[in-house]
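Single-structure report; data block below.
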Amino acid sequence: GSVEFETVLKAVPFSDPRFPVVNNVAGMVEMLPGRIKGNLVLQFRSPVQWIQTMKTLEDMGFNQYLEVGPRTVLSALARKANSRSVVQAVEAGSWE
């Protein structure tokens, strides 16, 4: 769970990001390594702020997304959040 993940994450060094990191906890940009790490832990027990995350990305000028994973659930949600989104899904089996 989140306690184990936090323990492991503490040992991982984080540097200043080279690009903005939008977290799903608040759906906002975070640039401080310690806060990025903390938000990763919070994602275990916090609701995902999907609409705010997508709005933040849109406000930053993004409208093209790549979903990497076993299914295409987030692709559909991205299109629903912003009909101008261009989303491509790459399913897990395609890179094995």
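Here the closest heavy-atom approach between residue Asn23 and residue Val25 is recorded as OD1-N, 3.0 Å. The two residues Ser85 and Met54 come nearest to each other via the heavy atoms OG-CE, 4.4 Å. Here the closest heavy-atom approach between residue Trp50 and residue Ala78 is recorded as CZ2-N, 3.8 Å. Here the closest heavy-atom approach between residue Ala89 and residue Ser75 is recorded as CB-OG, 3.6 Å. Contact detail for Met60 and Val22: the closest heavy-atom pair is SD-CG2, 4.0 Å.
Between Lys37 and Glu6, none of the side-chain N atoms (NZ, or NE/NH1/NH2) sits under 4.0 Å from a carboxylate O, so this pair counts as no salt bridge.
Both Val41 and Val12 are assigned to one and the same hydrophobic cluster, defined by single-linkage of ILVMFWY side chains at heavy-atom distances under 4.5 Å. Under the 4.5 Å side-chain contact rule for hydrophobic residues, Phe44 and Phe14 share a cluster. Two different hydrophobic clusters hold Val48 and Ile36 under the rule that ILVMFWY side chains link at heavy-atom gaps under 4.5 Å. Hydrophobic clustering keeps Phe62 apart from Val86 (ILVMFWY residues linked when any side-chain heavy atoms are closer than 4.5 Å, directly or through intermediates).
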(message) Let's go through Val90 and Leu66 carefully: what are the C-alpha distance in whole Å and the side-chain angles of both, what is the deciding distance for side-chain contact (heavy atoms from CB on, under 4.5 Å) to 0.1 Å, and is it a yes or a no?
(response) CA-CA 7 Å; Val90 179; Leu66 179 64; 3.3 Å; yes

(message) Could you go through Leu57 and Tyr65, starting from their C-alpha distance and side-chain angles, then the distance that decides it, and tell me whether this counts as side-chain contact (heavy atoms from CB on, under 4.5 Å)?
(response) CA-CA 10 Å; Leu57 290 168; Tyr65 306 97; 3.6 Å; yes

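Checked by atom type and distance alone, the side chain of Glu67 pairs as donor or acceptor with a backbone atom of Leu74 at under 3.5 Å. Without hydrogens or angle criteria, Arg79 side chain to Val87 main chain gives a donor-acceptor distance under 3.5 Å.
Side-chain N/O atoms of Thr56 and Gln52 include a donor and acceptor closer than 3.5 Å. Thr53 and Asn24 form a side-chain donor-acceptor contact under 3.5 Å, judged by distance and modelled atom types alone.
The 12-atom threshold is not exceeded at NZ of Lys55, counting heavy atoms of other residues, nucleotides or ligands nearer than 6.0 Å. By the neighbour-count criterion of 12 heavy atoms within 6.0 Å, atom CD of Glu58 is densely surrounded, having more than that number from other residues, nucleotides or ligands.
Contact check for Lys10 versus Val8: no side-chain heavy atoms found under the 4.5 Å cut-off. In this structure the side chain of Glu4 never reaches within 4.5 angstrom of the side chain of Ser2, judged on heavy atoms. Using a 4.5 Å heavy-atom threshold, the side chains of Leu40 and Leu9 count as touching.
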